Amino acid sequence: MPHPLTANLNPEQAAAVELPPEHALILAGAGSGKTSVLTTRIAWLLSTGQCSPAGLLSVTFTNKAAKEMLLRITSMMPLNPRGLWMGTFHGLCNRMLRLHWRDAGLPEAFAILDSAEQLSLIKRILKALNIDDEKYPAKVLQHYINAHKENGRRAGDVDTWDDYSRMLRLIYEEYEKQCQREGVADFSELLLRCYELLSKNESLRAHYQSRFRHILVDEFQDTNKLQYAWLKLLAGKENALFAVGDDDQSIYAFRGANVGNMHDFQTEFSVKHVIRLEQNYRSQGNILDAANAVIANNRNRLGKELWTSEPAGEPIRVFEAATDFEEAAFIVEEAQSLIRDGNRANDIAILYRANAQSRVIEHALFTAGVPYRVYGGLRFFERQEIKHALAYLRLIANPGDDNALLRVMNFPTRGIGARTIESIQESARNAGTSLWQAACSGAAGRGAAAVKKFAEMIEGMRQQATGLAMPELVDMMLDLSGLRAHYKADKEGEERLANLGELINAATNFVQEDENNLIAFLSHASLEAGDHQAGAHEEALQLMTVHASKGLEFHAVFLCGLEEGLFPHDNSMNDANAVEEERRLMYVAITRARRRLYITLAQSRMLHGQTRYAVASRFMQEIPQQLLKFLNRGYAPQGYSGPATLASKIKSPTPEHGLAIGMNVEHPKFGRGVVTDYEGGASGNVQVNFADAGSKWLAVAYAKLKAL
DNA sequence: TCCAAAACAGTTTTT
DNA sequence: CTGTTTTGGA
């Protein structure tokens with residue numbers, strides 16, 4: 001007699017849900033009902049009394065996924081969400097650090113730096129240390145610091161071998177010190193600090209290990225080394241770690257995700273049960289066949305093949321355009337006809353590899369008057385006016401927050417110029433204090449009066465804040481800081497003013513759902529940047545990158561720009577692992593479509609103000625040709641033989657220099673490579689992608705290329 | 001302090 | 001080509 005919760009699941013799904021309390025790995029293919037399994041597992045554990053809500057730790061990557069999971073579980077059973085430890089890695093680490101801030105060595109009101117704030121802090125340090133930011137770019141340092149933290153390394157743990165690497169480590173050291181001084185933590189710090197807390201504090205670790213009997217992780221293929229290490233600490237020996245993931249959908253290696261964690265998990269935890277969810281409930285046969293065929297070209301897979309009980313369905317439609325404009329025109333026309341046939345615009349997606357591709361498509365859609373929505377871009381809490389407002393709130397919570405202070409000390413302008421700020425920074429540096437302390441101790445020099453007024457204003461806010469509810473606090477701050485007046489006076493400040501009003505609403509909502517606590521609200525703002533933009537539910541075509549489409553599905557999908565150099569991207573082509581990640585990206589893209597999939601490409605494309613020519617993506621060639629239907633003028637499956645003059649350039653060598661795109665050549669210095677583009681005839685340039693040296697533009701006349 | 005011109009970069013991105 | 005950031009001058 002099956003349990004009522006698992007009655008609607010297939011045998012593999014049900015088996016996963018009802019696994020005994022032990023470590024398990026669920027390989028969940030695209031569209032295989034992964035979220036159902038995860039949520040039903042939790043509901044099953046709770047309803048069979050094997051686990052109390054407090055004994056459960058459930059981790060996801062995004063707030064969106066966490067919210068959806070909570071929603072689905074509470075629809076299955078009544079639950080008090082506050083007692084549940086369910087959230088993102090960062091959210092859960094933050095929660096733990098707030099509870100044990102003293103043990104973690106953090107101030108009670110520590111602020112969370114987002115990436116932009118982290119970058120500006122690094123820039124400030126470079127300036128303070130008088131370091132050449134050409135030689136040591138802030139962005140490089142940011143990546144360096146985050147990468148080390150994500151591998152569990154403090155500055156003291158980093159190896160050095162020359163002056164350059166020693167300097168990098170020194171800056172990392174300074175960064176650590178400065179964060180500690182200011183009482184701020186960047187995103188990776190939340191994880192590392194929490195990891196260190198648990199690893200050093202035996203009793204705390206024991207406490208959480210005995211508490212969280214069941215640990216469930218979503219999108220396990222996206223975990224980085226530190227996140228896995230954190231899970232290992234919490235899982236200890238006794239607890240059951242239930243990991244769900246899909247190695248074929250690992251597309252975030254570039255930001256530190258380590259697919260290898262899946263394999264390591266199996267061996268390190270002696271996982272007895274690996275369950276594969278291979279039945280796909282989303283797409284029809286041809287689409288799955290294409291996806292399976294493409295991903296089969298990757299090596300080192302854990303192994304999995306999607307199948308469906310649905311019919312084969314329609315062929316995959318291919319459109320080869322001469323230019324990116326023509327590609328866009330085709331998409332618009334075809335999408336319009338789909339909508340005319342009664343399909344919802346919401347259920348049609350246009351996917352691309354790089355954001356830059358959306359421009360041409362947007363233009364075509366706009367001209368045709370087709371409503372569309374682009375995902376990506378600025379999010380609510382990232383807006384300038386919101387950042388300013390949050391900076392004031394952060395100063396109320398923690399005046400030692402130099403980042404916040406610098407952001408608003410002179411915004412709205414109140415006569416505190418660069419000179420004054422520099423002298424404050426100087427004296428803070430000398431005295432080893434925060435800018436706030438330096439400013440209060442009269443280090444301002446000429447601008448002292450304005451600085452004093454500013455300090456009094458912040459002090460006044462802090463006094464008035466006590467006992468106020470969050471929305472009133474925000475309101476008060478908007479008035480006292482002069483932010484509201486500033487945007488009111490600005491004739492283009494109307495929208496910003498509205499956003500500030502929206503911030504008060506956000507505070508109201510927050511107080512209702514969570515608590516009336518400034519520090520908690522600020523954490524929330526840092527960890528959850530909010531929706532990308534308004535209008536999410538309008539009836540409109542959905543435009544997004546393939547990355548952003550992961551987890552979503554659509555009736556019809558346009559996958560565009562399927563050209564070598566774009567997808568797979570130029571920067572990935574020299575590295576076998578990177579190409580495999582691109583291929584997984586292709587796999588993700590294909591599996592978004594339920595019934596209809598279009599693949600489009602352009603022989604020429606405007607990129608960075610230059611026309612670039614490209615051949616069809618290798619990924620397109622990897623789809624069995626019988627699954628494809630070529631829509632325009634009987635173009636041959638491989639290469640381009642169409643009537644466009646560009647095609648001749650791609651197919652046959654130019655008489656002037658005898659080079660052709662796709663031709664294998666050898667260079668005396670760079671070795672073997674393939675011609676990917678050229679311009680300007682015999683006196684022009686040729687682009688060659690070298691096996692070892694990467695992609696280069698060379699002068700045809702001097703390059704001494706030998707055809708192979 | 002502010003604005004305009006010049007310089008520059010340009011896969012993918014959540015927290 | 002185009003959006004962003006830096007720089008320099010008024």
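Here is the naming used below: chain letters follow the sequence lines, and residue numbers restart at 1 for every chain. Bear in mind that the values here come from a model prediction, so they are computed numbers and not experimental data. Just so it is clear, the values below take in all heavy atoms, side chains as well, and ignore hydrogens, waters and symmetry mates.
Every residue two or more places apart in sequence or in another chain that forms a side chain to side chain donor-acceptor pair (under 3.5 Å) with A:D222 is listed here: A:K550.
The side chain of A:T88 approaches B:dT15 more closely than any other nucleotide in the set B:dT11, B:dT15, B:dT13. Listed nucleotides B:dT13, B:dT15, B:dC2 differ in distance to A:N355; the shortest reach to its side chain belongs to B:dT13. You'll find that the side chain of A:A354 is closest to B:dT12, out of C:dC1, B:dT1, B:dT12. Which of B:dT1, B:dT13, B:dT11 sits closest to the side chain of A:T413 comes down to B:dT1.
Note: CD (A:E150) to C1' (B:dT13) measures 12 Å, nearest angstrom. When rounded to the nearest whole Å, the span between CD of A:Q118 and C1' of B:dT14 equals 13 Å. Whole-Å rounding puts the A:D490 CG to B:dC3 P distance at 10 Å. In this structure, A:H608 atom NE2 and B:dT11 atom P are separated by 5 Å, rounded to whole Å. Between A:E134 atom CD and B:dA7 atom C1' the separation is 11 Å, expressed in whole Å. Put simply, CG on A:L552 is 15 Å from C1' on B:dT13, counting in whole angstrom units. In this structure, A:K139 atom NZ and B:dC8 atom P are separated by 14 Å, rounded to whole Å. What separates NE2 of A:H143 from P of B:dT14 is a distance of 16 Å, to the nearest Å.
At a cut-off of 3.5 Å, with distance as the only test, no side-chain donor of A:R407 or A:N403 sits close to an acceptor on the other residue. In summary, the side chains of A:E563 and A:S617 do not present any donor paired with an acceptor at a separation below 3.5 Å, with no hydrogens or angles considered. A:N499 and A:E385 are linked by a side-chain donor-acceptor pair at a separation below 3.5 angstrom, with hydrogens and angles left out of the test.
Among the protein residues, A:N224 comes within range of no part of the nucleic acid, since none of its heavy atoms lies under 4.0 Å from any strand. At the heavy-atom level, A:N63 lies under 4.0 Å from the strands shown only through sugar-phosphate atoms. Using a 4.0 Å heavy-atom cutoff across all strands shown, A:S526 reaches no nucleic acid atom at all.
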| query | For nucleotides 5-10 of chain C, read 5' to 3', which letter fits each nucleotide if B means a protein heavy atom sits under 4.0 Å from the base, S means only the sugar-phosphate is that close, and - means neither? | reply | -S----
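How far CG of A:L503 is from CD1 of A:I386: 4.5 Å, rounded to the nearest 0.5 Å.
Sequence order on DNA chain B of the closest nucleotides to A:L585 and A:L527 puts A:L585 first from the 5' end. Toward the 5′ end of DNA chain B lies the nearest nucleotide of A:I251, the other residue of the pair A:I251 and A:G91 mapping further downstream.
For A:H100 and A:Y208, the distance between ring centers is under 6.0 angstrom. Ring centroids of A:F325 and A:H363 are separated by 6.0 Å or more, keeping the two rings apart. Between A:H547 and A:Y375, the ring centre distance reaches or exceeds 6.0 Å.
Note on A:R584 versus A:D247: no salt bridge recorded, every NZ/NE/NH1/NH2 to OD/OE distance being 4.0 Å or above. The residues A:D186 and A:K149 are annotated as salt-bridged, a charged nitrogen and a carboxylate oxygen being separated by less than 4.0 angstrom.
Look at A:R359 and you'll find a side-chain N or O under 4.0 angstrom from OP1 or OP2 of C:dG3. Side-chain nitrogen and oxygen atoms of A:R255 include none within less than 4.0 Å of the OP1 or OP2 phosphate oxygen of B:dT11.
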| Dot-bracket for DNA chain B, 5' to 3', with Watson-Crick and G-U pairs under 3.5 Å, [ ] for crossing pairs and | for other-strand pairs: what is it? | ||||||||||.....
| query | What do the steps show when you test A:F110 against A:W101 for ring-ring contact (aromatic ring centres under 6.0 Å, His included), and what is the final call? | reply | CA-CA 9 Å; A:F110 75 85; A:W101 52 273; 9.2 Å; no
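For the C1' atoms, the distance linking C:dT6 with B:dT11 amounts to 24 Å, nearest Å. One C1' atom belongs to C:dT5, the other to B:dT12, and the distance between them is 22 Å to the nearest Å.
Checked by distance alone, A:S115 brings no side-chain donor or acceptor within 3.5 Å of a matching partner on the base of B:dT14.
Taking the 5.5 Å centre cut-off and the 30° plane limit, the aromatic side chain of A:F61 is not classed as stacked on B:dT15. You cannot call A:H90 stacked on the base of B:dT15; the centres under 5.5 Å and planes under 30° rule is not satisfied.
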